[in-house]
Q: 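Structure below; questions to follow.
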Number of protein chains: 2
Amino acid sequence: MLTPAANTREKLMRAAMDIVAADGFPAATTASIAERVGMAEGTLYRHFKSKDDLLIETYRRLKAEVFEAIQARTQAAAGLQGRFRALWLGMYATYAADMQAFAFGQRFGESALSKTEGGTAHERLMGHVKQLIGDGQAEGLIKPAPAEILSAFFFPPLVSMLKQGAQGREWSQAEIELAIDSAWASWSV
Amino acid sequence: MLTPAANTREKLMRAAMDIVAADGFPAATTASIAERVGMAEGTLYRHFKSKDDLLIETYRRLKAEVFEAIQARTQAAAGLQGRFRALWLGMYATYAADMQAFAFGQRFGESALSKTEGGTAHERLMGHVKQLIGDGQAEGLIKPAPAEILSAFFFPPLVSMLKQGAQGREWSQAEIELAIDSAWASWSV
DNA sequence: GTCTATACAGGGATAGAC
DNA sequence: GTCTATCCCTGTATAGAC
């Protein structure tokens, strides 16, 4: 949810997202969500079929917006290492711009609900990374390791840095570049 | 919990661990835990003060055993890159030997309970890694980046591979070595 | 659309008999 | 030590008035 909430429906989604991001899924009760928006608990059901429906809808919106934002940031990149850098930075910057969305996405992906709502944002981005790996290996720039291993050195460190960012650690531009260099070093032949 | 359960108390801990590992924290109700052990729900409270107590105790045991197992595997390593390899492999092999313990540890670390029980297994191992980084930087073998960045290329990819392992992806010895090489490449100057 | 009141279920925990 | 019965609270969801 990178855009501000307009109507009541979106206010509810934003409230749910903030609560989950801050205190986890168990804290996101119908009571706490309604209270944060400033409305009665029962009214929530005029806007969503159920609590799960609200949460799943929130995640769908988030996923779509994040994917589009990253897409936009990554479009122009040229050259293999340039594409690599753009993708890493695009993902980082997009999530860093809305840490609540990031934390919500993380928690949603580990919740039981993610079984219902198949296809996490992560999985969707994986396609881009796999493409990159295939191209790089064809050019002989990236080591011939399985994509499952190489991607373990792309997303997880990035997520780790975002998590640390959520806990107050600020990253300088130089440090971000250092991280991208390290990620690339783990991939290159 | 790398050792088999002997008494009732340990059976309860193992049951809780398995349920959390398989279906997450919400699934670990007093009813489901007791049922899995084959005893009445109320009896659980003769062995533990509360459900949280059971869960926290389970995690403490796990953490202590895991730490010791890794310690044992890492002891003999010599040379900086040898220590690096031994630590990576030691952590991997220890958790791979008990994936239930691994999954439980992951989920516990993200639960609200981990705020109560300060100091996750991860944090404790971090000390070893920081030591390694300091030594390596002094020798000029490891790039002069902040430890927070370098460790993001140590634990998270390792955890990612263990998670994939939990979902059925089998890693060959050669693939493990490939992963260690990639991790080292991300660190070296 | 929103509120108040309420039904209903599930989960944690205790009491007391055996 | 273990079981059965039960209490209480919390959370989801619905009904019906405004």
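Protein chains get the first letters and strands the later ones, always in sequence-line order, with residue 1 at the start of each.
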Q: Got a sec? Which of residues 105-116 of chain B come in under 4.0 Å of DNA chain C, heavy atoms?
A: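 Close to the strand, none.
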Q: List in chain and number order the residues that pass salt bridge (Lys or Arg N to Asp or Glu O under 4.0 Å) with B:Arg83, two or more places apart in sequence or in another chain; answer none if no residue qualifies.
A: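 If we apply the salt bridge (Lys or Arg N to Asp or Glu O under 4.0 Å) test to B:Arg83, skipping adjacent residues, the hits are B:Asp135.
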Q: Taking only the side-chain nitrogens and oxygens of A:Thr8, find out if one of them lies under 4.0 Å from OP1 or OP2 of C:dT2.
A: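 So the side-chain polar atoms of A:Thr8 do come within 4.0 Å of the phosphate oxygens OP1 or OP2 of C:dT2, strictly under.
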Q: If the condition is salt bridge (Lys or Arg N to Asp or Glu O under 4.0 Å), which residues does B:Glu148 pass it with, not counting sequence neighbours?
A: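 Salt bridge (Lys or Arg N to Asp or Glu O under 4.0 Å) check on B:Glu148 returns A:Arg169.
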Q: What pairs of residues pass the ring pair (Phe, Tyr, Trp, His ring centres under 6.0 Å) test when at least one of them lies in residues 4-31 of chain A, not counting sequence neighbours?
A: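 As it turns out, there is no ring pair (Phe, Tyr, Trp, His ring centres under 6.0 Å) pair with a partner in residues 4-31 of chain A once direct neighbours are skipped.
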Q: In terms of the angle between their ring planes, are B:Trp88 and B:Tyr92 parallel, tilted or perpendicular, with boundaries placed at 30° and 60°?
A: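 The arrangement is parallel - the two ring planes meet at less than 30°.
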Q: Write down the distance between CG (B:Asp53) and P (C:dT14), rounded to a whole number of angstrom.
A: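 Rounded to the whole Å, the gap is 12 Å.
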Q: Using whole Å, report how far CG of B:Leu44 lies from P of D:dT2.
A: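 Value for this atom pair: 11 Å.
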Q: Applying side chain to side chain donor-acceptor pair (under 3.5 Å), name anything that partners B:Lys63, two or more places apart in sequence or on another chain.
A: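 In terms of side chain to side chain donor-acceptor pair (under 3.5 Å), with neighbours along the sequence ignored, B:Lys63 is linked to B:Glu117.
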Q: Using atom types as modelled, flag every donor-acceptor pair under 3.5 Å from a side chain in residues 121-128 of chain A to any protein atom, sequence neighbours excluded.
A:
residue  : atom : partner  : partner atom : Å
A:Glu123 : OE1  : A:Thr120 : N            : 3.2
A:His128 : NE2  : A:Gln71  : OE1          : 2.7

Q: Which nucleotides of nucleotides 12-18 of chain D have their base under 4.0 Å from a protein heavy atom (B), which only their sugar-phosphate (S), and which neither (-), written as one string 5' to 3'?
A: BBB-B--
Q: In whole Å, what is the span from the CZ atom of A:Arg9 to the P atom of C:dT2?
A: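 Rounding to the nearest Å, CZ of A:Arg9 and P of C:dT2 are 13 Å apart.
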Q: Distance check needed: C:dC3 P versus A:Glu35 CD, whole Å only.
A: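 That distance rounds to 13 Å.
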Q: Answer yes or no: are there more than 12 heavy-atom neighbours, outside A:Glu139 itself, under 6.0 Å from its atom CD?
A: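 Buried by this count: over 12 neighbours within 6.0 Å.
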Q: What is the separation between atom CZ on B:Phe48 and atom P on C:dG11, rounded to the nearest whole Å?
A: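 In whole Å, C:dG11 P lies 20 Å from B:Phe48 CZ.
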Q: Taking CG from A:Leu12 and C1' from C:dG1, how many angstroms apart are they, rounded to a whole number?
A: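 Whole-Å distance recorded here is 12 Å.
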Q: Tell me, please, which residues at least two apart from B:Asp181 pass salt bridge (Lys or Arg N to Asp or Glu O under 4.0 Å).
A: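 B:Asp181: no salt bridge (Lys or Arg N to Asp or Glu O under 4.0 Å) contacts found.
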Q: Return a table of donor-acceptor pairs under 3.5 angstrom between the side chains of residues 153-163 of chain B and protein atoms on other chains or two or more places apart.
A:
residue  : atom : partner  : partner atom : Å
B:Ser160 : OG   : B:Gln164 : NE2          : 3.4

Q: List the residues meeting side chain to side chain donor-acceptor pair (under 3.5 Å) with A:Arg85, not counting sequence neighbours, and say none if there are none.
A: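 In terms of side chain to side chain donor-acceptor pair (under 3.5 Å), with neighbours along the sequence ignored, A:Arg85 is linked to A:Glu177.
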Q: Test: salt bridge (Lys or Arg N to Asp or Glu O under 4.0 Å). Region: residues 20-49 of chain A. Which pairs qualify, not counting sequence neighbours?
A: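 Passing the test, one end in residues 20-49 of chain A: A:Asp18-A:Arg36.
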Q: Nearest whole Å is fine: how far is C:dG1 C1' from A:Lys11 NZ?
A: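 The distance from NZ of A:Lys11 to C1' of C:dG1 comes to 13 Å, rounded to the nearest Å.
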Q: Dump the pairs, protein N or O against N or O of nucleotides 7-9 of chain C, anything under 3.5 Å, distances to one decimal.
A:
none

